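Reckoned from all heavy atoms, side chains included, excluding hydrogens, waters and symmetry mates. Labels below follow one simple rule: chain letters A, B, ... track the order of the sequence lines, proteins then strands, and each chain is numbered from 1. The model shown is predicted, which means the values in this text are computed figures rather than measured ones.
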Amino acid sequence: MTVQDRTLHNFNILGFQQDLLSWYEANKRDLPWRKDQDPYKVWVSEIMLQQTKVDTVIPYFHNFLEKFPTVYDLAAAEEQEVLKAWEGLGYYSRARNLQHAVREVVEQYNGQVPDNSKDLEQLKGIGSYTKGAILSIAFNKPVPAVDGNVMRVFSRLLNIDDDIAQQKTKKLFEQIIHEVISHEDPSSFNQAIMDLGATVCTPKSPSCLFCPVQEHCQAFALGIEDKLPVKAKAKKNKTISYHVLQIRNENGEVAIEKRSKDGLLANLWQFPMIPVKELNGSPVEEWFYNQYGLRIKMGKKQGQLKHVFSHITWELEVHPAQLIVEDGTNHSLCFVPVEELSSYPFPVSHQKMMQYL
DNA sequence: AAAACGGGGCA
DNA sequence: TGCCCAGTTTT
């Protein structure tokens, strides 16, 4: 007995496709990346839409395509330019991986986005979902594009209570979509599921009474749409405290530094941050001298803010500081005029601190 | 299999 | 607060 037999034995595939696609044709959302089927635009939009709402993405998409209209423009750009265009969108490795992959497309595929699974999935930042989205939406191939929307919609349609946080559950849904996807119009099919999940089959209070595929839905028939999908609770995040220094030199310029090329907020810029835990009660000035080789005088706290990431929370205390003496040692700080800060990509938390300058 | 990786919006 | 969002990479 296969997985499909367990879940699809009474599912009217052709009827479902017809109800879904006719609803989509009449109700599809007018989105900027749906103007044409340019694989580059589809690609950019799909990367931006990872873990990010449509309304948030739209202005970024317009700006990004204006700055980098083709793969060649993006391939030729400075990474800092790309990060600046991504500033505030989060998950910055998406931007760096996208540019890395686009450069590969220019160099190895003559600037043409691959139209096959094998080449697409080896590009940085393209996983199972994005591969399927590009192949189906841009190239009209019947390939599953399974995301949270799809798992929610089909967990309800077929009354599947497997934990959608598990990786193997995603594979189950990919097998299911492989069976039910329209071969006449796979592009519309995948986009229709996305629209349905975003506007009707929502996480909370789904609009089942207006659902075009209500008659195909086991969860609605059983009145358990609120119980699905099943998802394991995420573990809660930890808090880390920092003192953040806005250091001025004798010219009134402010000290910033580039973050590590790896890990959290990679390659973005920030005001120097001192982990309170590393201080062990010693003065900030001393810790700072040991770390940077520069003498500073720290001022009174100007403000504090909390910034919540998906896995950690920053508690930030903002202090002004004055550079006492430049001793010639190498350090990682750049002193820049306040007016020039806007040309560097900053995390949102540090953008918020600029009000204290 | 689990953790790392942003930020905003909503009940 | 906790959960969700058109996920992928690293450990």
Side-chain angles (χ1 to χ4, degrees), chain A residues 28-29 31-34 41-61 83 86-98 100-101 120-134 136-138 144-153 163-171 173-174 177 187 189-199 201-206 226 229-239 259-260 262-268 305-314 345-352:
Chain A
K28 59 184 167 192
R29 292 175 292 175
L31 300 171
W33 43 90
R34 287 180 176 172
K41 293 180 197 168
V42 172
W43 184 4
V44 171
S45 71
E46 290 301 338
I47 299 297
M48 286 187 168
L49 285 161
Q50 290 171 9
Q51 302 295 286
T52 311
K53 288 231 177 4
V54 164
D55 289 343
T56 304
V57 165
I58 288 174
Y60 282 91
F61 180 81
L83 286 175
W86 211 269
E87 186 183 68
L89 203 49
Y91 284 149
Y92 298 94
S93 66
R94 292 185 292 173
R96 302 199 305 143
N97 289 340
L98 173 61
H100 185 276
L120 269 181
E121 67 191 2
Q122 56 114 34
L123 292 171
K124 260 307 195 231
I126 297 188
S128 172
Y129 166 77
T130 306
K131 177 186 71 178
I134 293 173
S136 61
I137 297 173
V146 173
D147 64 351
N149 268 323
V150 174
M151 290 194 283
R152 183 174 61 256
V153 170
D163 177 10
I164 65 168
Q166 296 289 308
Q167 289 179 15
K168 62 180 179 184
T169 305
K170 183 173 189 169
K171 296 187 192 301
F173 283 106
E174 285 175 339
I177 301 301
S187 173
F189 182 92
N190 278 345
Q191 293 182 87
I193 298 294
M194 296 168 191
D195 276 22
L196 188 70
T199 64
C201 196
T202 48
K204 289 173 183 171
S205 309
D226 288 336
V230 171
K231 187 177 184 181
K233 289 198 197 317
K235 71 164 206 174
K236 56 181 182 185
N237 69 9
K238 291 180 176 173
T239 298
R259 291 180 60 86
S260 156
D262 301 303
L264 183 64
L265 304 168
N267 284 356
L268 273 68
L305 61 106
K306 183 154 75 170
H307 192 83
V308 180
F309 298 91
S310 49
H311 58 307
I312 53 172
T313 298
W314 280 357
F346 282 89
V348 165
S349 52
H350 284 251
Q351 291 178 52
K352 288 178 179 167

- Query: Hey, is the side chain of His311(A) poking within less than 4.0 Å of OP1 or OP2 on dG6(B), counting only N and O atoms?
  - Reply: no
Rounded to whole Å, NZ of Lys131(A) lies from C1' of dA6(C) at a distance of 16 Å
Roughly how far apart, to the nearest Å, are dG9(B) and dT8(C) at atom C1'?
23 Å
For this session: Pick the C1' atom in dG8(B) and in dT9(C), then give their distance to the nearest Å.
Result: 23 Å
If the cut-off is 4.0 Å, is Gln167(A) near the phosphate of dT8(C), judged by side-chain N/O to OP1 or OP2? no
Open item on the list: Heavy atoms only, 4.0 Å cut-off, all strands: where does Arg34(A) land among base, sugar-phosphate and nothing?
Closed with: base
Between OH of Tyr129(A) and C1' of dG7(C) the distance, given in whole Å, is 9 Å
dA3(B) to dC3(C) separation - P atoms, rounded to the nearest Å:
15 Å
Mark yes or no for a side-chain to base donor-acceptor pair under 3.5 Å between Arg29(A) and dA6(C), with no hydrogen or angle criteria applied.
-> yes
Distance alone, cut at 3.5 Å: any donor-acceptor contact between the side chains of Arg34(A) and Gln191(A)? yes
Separation of dC5(B) atom P from Asn237(A) atom CG, nearest Å, is 12 Å
Of Asn97(A) and Trp33(A), the one whose nearest nucleotide on DNA chain C sits closer to the 5' end is Trp33(A)
Looking for any heavy atom pair under 4.0 Å, which part of the strands does Thr56(A) touch: base, sugar-phosphate only, or nothing?
nothing
Fill in: Modelled atom types, side-chain donor and acceptor of Glu87(A) and Tyr92(A), under 3.5 Å
no
Of Gln166(A) and Thr52(A), the one whose closest nucleotide on DNA chain B sits nearer the 5' end is Gln166(A)
When the C1' atoms of dA11(B) and dA6(C) are considered, how many whole Å apart are they? 23 Å
Between Thr130(A) and Gln50(A), does any side-chain donor sit less than 3.5 Å from a side-chain acceptor?
-> yes
When rounded to whole Å, the CD1 to P distance for the pair Ile47(A) and dG6(B) reads 15 Å
Describe the nucleic acid contact of Ser128(A) in one word from base, sugar-phosphate, nothing, applying a heavy-atom distance below 4.0 Å.
sugar-phosphate
Winner on side-chain proximity to Pro347(A), out of dA6(C), dG7(B), dC4(C), is dG7(B)
query: Do the ring centers of Trp86(A) and Tyr60(A) come within less than 6.0 Å of each other?
result: no
Atom CG of Leu89(A) and atom C1' of dG7(C) are separated, to the nearest Å, by 13 Å
*asked:* At 4.0 Å (heavy atoms only), tell me whether Lys124(A) reaches a base, stays on the sugar-phosphate, or touches nothing.
replied: sugar-phosphate
Look at Tyr91(A) and dA4(B) and indicate whether a side-chain polar atom (N or O) is within less than 4.0 Å of OP1 or OP2. no
In whole angstroms, the gap separating P of dT8(C) from CD of Glu46(A) amounts to 9 Å
Query raised in the report: For dT8(C), does OP1 or OP2 lie under 4.0 Å from any side-chain N or O of Lys170(A)?
Result: yes
Ignoring backbone atoms, test whether Lys233(A) places a side-chain nitrogen or oxygen under 4.0 Å from the OP1 or OP2 oxygen of dG2(C). no
| message | Just to be sure I understand the rule, does Gly88(A) reach a base, reach only the sugar-phosphate, or reach nothing, if contact means heavy atoms closer than 4.0 Å? | response | sugar-phosphate
- Just wondering, do Arg94(A) and Leu89(A) contact through their side chains at under 4.5 Å, heavy atoms? yes
With the side chain defined as heavy atoms from C-beta on, Gln51(A) is closest, among dG6(B), dA6(C), dT8(C), to dG6(B)
Rounded to whole Å, the CD1-C1' distance (Ile177(A) to dA6(C)) equals 13 Å
*Heavy atoms under 4.0 Å, any strand shown: does Val150(A) hit a base, just sugar-phosphate, or nothing?*
nothing
- Query: Under 4.0 Å: is that the gap between some side-chain N or O of Thr130(A) and OP1 or OP2 of dT8(C)?
  - Reply: yes
- Message: I'd like to check Trp314(A) versus Leu264(A) (side-chain heavy atoms, cut-off strictly below 4.5 Å). Are they in contact?
- Response: yes
*asked:* Need one value for Ile137(A): base, sugar-phosphate or nothing, where a base atom within 4.0 Å counts as base even if backbone is also close, heavy atoms only.
replied: nothing
Of the candidates dG6(B), dT8(C), dA4(B), the side chain of Gln50(A) sits closest to dT8(C)
When rounded to whole Å, the CZ to P distance for the pair Phe309(A) and dA4(B) reads 13 Å
Q.
Is there a side-chain contact between Ile164(A) and Lys170(A) in this structure, where contact means two heavy atoms from C-beta onward sitting under 4.5 Å apart?
A. no
How is Trp43(A) classified with respect to the nucleic acid when contacts are heavy atoms under 4.0 Å: base, sugar-phosphate, or nothing? nothing
